[in-house]
Structures are given as structure tokens and as C-alpha cells.
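Everything below concerns the one structure shown next.
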Amino acid sequence: MEKKELLYEGKAKKLYKTEDNNLLIAEFKDDLTAFNALKKGSEDGKGALNNKISTQLFKILEKNGIKTHLVKTLDETHQLVKFCKIIPIEVIVRNIATGSLTKRLGITDGTTLPFPLVEFCYKNDDLGDPLLNDEHCLILNLVQDEGVLVTLKELARKINSILKDFFAKRDLILVDFKVEFGIDSSGEILLADEISPDSCRFWDAKTKEKLDKDRFREGLGSVKVAYEEVLNRILKTQ
Ligand code: C5P
């Protein structure tokens with residue numbers, strides 16, 4: 001399968017058409033951005049690490065009944081994925097309060113939430129990805145009907161429960177994460193995009209060290225070493 005014309009370029013990935021209209025090639029970039037792309041950087045090998053991490057996590061989720069866009073890994077930085085129309089909603093799940101939640105609501109950083117909190121944000125860089133409630137989603141026609149929002153929340157909670165347990169066994173706390181979903185040609189909702197330390201927060205269970213993109217956001221040093229540690233723990237057999 002070969003890359004044809006570039007369909008989309010995001011902050012961390014490029015999507016290319018292929019000779020098959022139902023399949024795309026996703027390329028994981030080494031670029032890092034934060035604060036609505038006001039902070040930019042790059043680390044050699046970051047894309048390859050995220051490709052490996054996301055592939056492993058999508059395979060685990062598939063095994064647990066979550067349908068995803070992943071078809072197969074092609075090489076270090078490329079995946080073959082099913083074409084789907086991305087729903088422009090970033091679905092965020094939080095187990096522990098940190099980041100924008102603490103700033104927005106004044107909850108003390110590090111507070112364990114009484115239950116996993118699911119939030120929706122509008123996937124719109126020009127507007128700075130604002131928080132949305134269900135009615136905003138309907139008024140903006142981001143989904144067909146309320147049922148889709150219910151499904152997105154159910155899928156997000158299921159993904160959280162699978163991954164939270166998986167990482168707990170590897171001494172990693174899944175603090176929060178963002179996922180995106182798409183709709184394929186048969187109308188099925190698929191988990192799309194990626195799940196990686198670019199889109200999740202992971203804290204070491206013992207030291208509480210941050211092993212995710214907050215290292216870049218907060219200038220805490222190399223992300224690569226931390227992402228390698230996350231991959232090694234994912235690959236650790238139980
Ligand atoms: O910044 P905030 O606290 O809202 O982020 C919550 C989670 O969602 C973090 O894991 C962050 O990495 C992820 N996120 C993301 N892309 C965004 C916004 C948040 O991956 N545009």
C-alpha cells in the first residue's frame with residue numbers, strides 16, 4: 001500500500017489517501033505542540049514511539065470489544081487505517097484533576113475524582129478547542145442526534161476502565177486522556193486518531209513522575225525517555 005495525495009495534516013500526524021478509498025495511511029510526526037501551537041518543538045523518534053504505543057493500545061482495546069480504525073502497522077512511523085469521517089468532538093476522560101480542569105474549576109491538582117469525568121471539547125483550533133455541553137453539540141450539528149453523544153460517553157468510559165486497569169498493573173496512573181471518534185462508510189462509530197503520551201497523562205504510581213507531554217508543556221526535559229518508559233511498561237508481560 002502506497003501513500004497518495006496528502007488529505008490532512010494535523011499537529012502530530014499526516015493522513016494520506018491510498019489506492020483504496022476505504023483506507024488511509026497515517027504518518028506519526030516527531031513534532032510537539034502545546035498551548036494551541038504557541039509552543040513548538042520536535043524530538044527525533046517521538047513519532048515512531050507514539051506509533052508503537054498507540055498500536056499496542058488500540059489492539060488491547062479491540063480485544064476488549066472497542067472497534068477502532070487501525071488496520072495494521074506499516075513501518076516505524078506509518079499505520080494503515082480505515083477511512084472514517086472524524087466527529088469534531090474531543091472526548092476527554094479524567095480520573096484525577098489536573099491541567100485545564102483545575103484551572104477552570106479550582107479543584108486542587110492531584111485530587112482523585114469521585115467517578116471518571118467525561119468532557120466534550122469542540123475540535124476547532126481557531127476557537128481554542130472550547131468546552132461543549134450536549135446541547136452545544138446538537139446546536140452545532142456536530143452529531144446526528146443525542147444517541148451518538150450517549151454512545152461516545154459510553155465508549156469513552158469503557159476505554160477508560162480497560163486502560164486504567166491495564167496501566168495500574170504496570171505501575172502507571174492513567175490521569176486523563178483525549179480520544180477522537182469517526183464514522184465509517186457503514187455508519188459505525190470507530191475509535192480513531194491515536195492514544196499516546198501526546199494525548200494522555202501518565203504518572204508513575206510510586207514517584208508521581210510525569211511520563212507524558214506535560215514534560216514538553218512544562219519544560220521538564222526530554223519526552224523521548226519518558227515515552228520509551230511508557231512503551232516498555234506496555235510491552236511488559238504480566
Ligand atoms: O489540557 P487538559 O487538562 O484539558 O487536557 C486533558 C487531557 O486531554 C490531557 O491528557 C491532554 O493531553 C489531552 N488533550 C489532547 N488534545 C487537546 C486537549 C487535551 O490530547 N487538544
Side-chain angles (χ1 to χ4, degrees), residues 8-13 26 28-41 43 46-47 49-51 53-54 57-58 61 68 86-113 115-133 136-137 142 152-153 155-157 159-164 166-167 172-182 191-204 208-220 223 226-227 229-230 234:
Y8 167 85
E9 176 157 10
K11 293 177 209 131
K13 273 188 308 301
F28 285 68
K29 304 197 293 184
D30 287 335
D31 298 352
L32 284 152
T33 61
F35 313 116
N36 224 10
L38 284 173
K39 182 172 173 154
K40 287 188 181 151
E43 246 183 83
K46 193 270 296 184
L49 281 165
N50 277 358
N51 185 22
I53 291 170
S54 197
L57 298 180
F58 273 44
L61 292 169
T68 80
I86 295 290
I87 300 171
I89 298 176
E90 298 191 333
V91 183
I92 293 174
V93 184
R94 301 177 188 269
N95 297 304
I96 293 179
T98 192
S100 71
L101 179 68
T102 56
K103 291 197 190 83
R104 207 181 326 123
L105 299 181
I107 304 174
T108 306
D109 199 279
T111 306
T112 301
L113 298 172
F115 54 86
L117 169 66
V118 180
E119 295 176 334
F120 291 147
C121 289
Y122 191 9
K123 192 173 150 62
N124 184 319
D125 284 338
D126 293 339
L127 297 175
D129 302 334
L131 191 70
L132 297 168
N133 70 18
H136 292 131
C137 295
L142 305 184
L152 295 184
K153 285 182 208 171
L155 286 169
R157 287 186 205 285
I159 292 167
N160 181 53
S161 108
I162 297 162
L163 293 184
K164 204 177 140 198
F166 175 83
F167 283 111
L172 277 177
I173 302 170
L174 178 61
V175 174
D176 57 29
F177 62 92
K178 182 263 308 181
V179 278
E180 295 181 23
F181 296 91
L191 173 66
D193 193 48
E194 68 179 277
I195 304 184
S196 73
D198 271 8
S199 60
C200 303
R201 287 192 172 99
F202 297 113
W203 292 351
D204 181 273
K208 302 289 184 299
E209 189 191 1
K210 295 177 181 181
L211 297 171
D212 54 62
K213 202 166 88 170
D214 275 350
R215 299 181 76 86
F216 171 72
R217 294 185 187 105
E218 298 172 15
L220 300 175
V223 301
Y227 286 26
E229 178 64 25
V230 171
I234 289 172

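In listed order, ligands and their atoms are each counted from 1. By convention here, the first residue in the shown sequence is residue 1.
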Checklist entry - Regarding Lys39 and the six-membered ring of Phe216, is the cationic atom NZ or CZ under 6.0 Å from the ring centre and inside 45° of its axis? => result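 Checked: cation-pi criterion met.
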
Checklist entry - Heavy-atom count around Lys164 NZ within 6.0 Å, excluding the residue itself: above 12? => result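 12 or below, so no.
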
Among all the protein's non-hydrogen atoms, which is closest to [atom], and how far away is it?
{"atom": "atom 4 (O) of ligand 1", "answer": "Ser100 OG, 2.5 Å"}
{"atom": "atom 19 (C) of ligand 1", "answer": "Ile92 CD1, 4.2 Å"}
{"atom": "atom 18 (C) of ligand 1", "answer": "Glu90 OE1, 3.8 Å"}
{"atom": "atom 1 (O) of ligand 1", "answer": "Arg201 NH2, 3.8 Å"}

List ligand 1 atoms under 4.0 Å from [X], heavy atoms only on the residue side.
{"X": "Gly99", "result": "3 (O)"}
{"X": "Asp129", "result": "21 (N)"}
{"X": "Cys200", "result": "10 (O)"}

Could you see which bit of [X] sits under 4.0 Å from ligand 1, with heavy atoms only: side chain, backbone, both or neither?
{"X": "Cys121", "value": "neither"}
{"X": "Asp176", "value": "both"}
{"X": "Asp198", "value": "backbone"}

Item to check | Residue pair Leu191, Phe181: steps toward the side-chain contact (heavy atoms from CB on, under 4.5 Å) verdict | outcome: CA-CA 5 Å; Leu191 173 66; Phe181 296 91; 3.9 Å; yes

Item to check | Any residue meeting side chain to side chain donor-acceptor pair (under 3.5 Å) with Asp125, in chain and number order, not counting sequence neighbours | outcome: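 With sequence neighbours excluded, Asp125 shows a side chain to side chain donor-acceptor pair (under 3.5 Å) to Lys11, given in chain and number order.
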
Checklist entry - At a 4.0 Å cut-off, with the gap strictly under it, does some heavy atom of Lys213 reach an atom of ligand 1? => result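 No.
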
Item to check | Residue pairs fulfilling salt bridge (Lys or Arg N to Asp or Glu O under 4.0 Å) with at least one residue in residues 86-111, sequence neighbours excluded | outcome: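 Listed by first then second residue: Arg94-Glu119, Arg94-Asp176, Arg104-Glu119.
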
Item to check | Rounded distance [0.5 Å steps], CD1 in Ile234 versus CG in Leu163 | outcome: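 Rounded to the nearest 0.5 Å, the CD1-CG separation comes to 9.0 Å.
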
Checklist entry - With respect to atom 11 (C) of ligand 1, which of Lys123, Arg217, Arg94, Lys178 exhibits the smallest heavy-atom separation? => result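 Result: the heavy atom closest to atom 11 (C) of ligand 1 is in Arg217.
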
Checklist entry - Which heavy atom in Asp30 sits nearest to a heavy atom in Lys46, and how many Å separate them? => result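 In this case the closest contact between Asp30 and Lys46 is OD1-N, 3.2 Å.
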
Item to check | The single option from Ile173, Asn160, Val175 passing side-chain contact (heavy atoms from CB on, under 4.5 Å) against Asn95 | outcome: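 That would be Asn160; it is the only one of Ile173, Asn160, Val175 passing the side-chain contact (heavy atoms from CB on, under 4.5 Å) with Asn95.
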
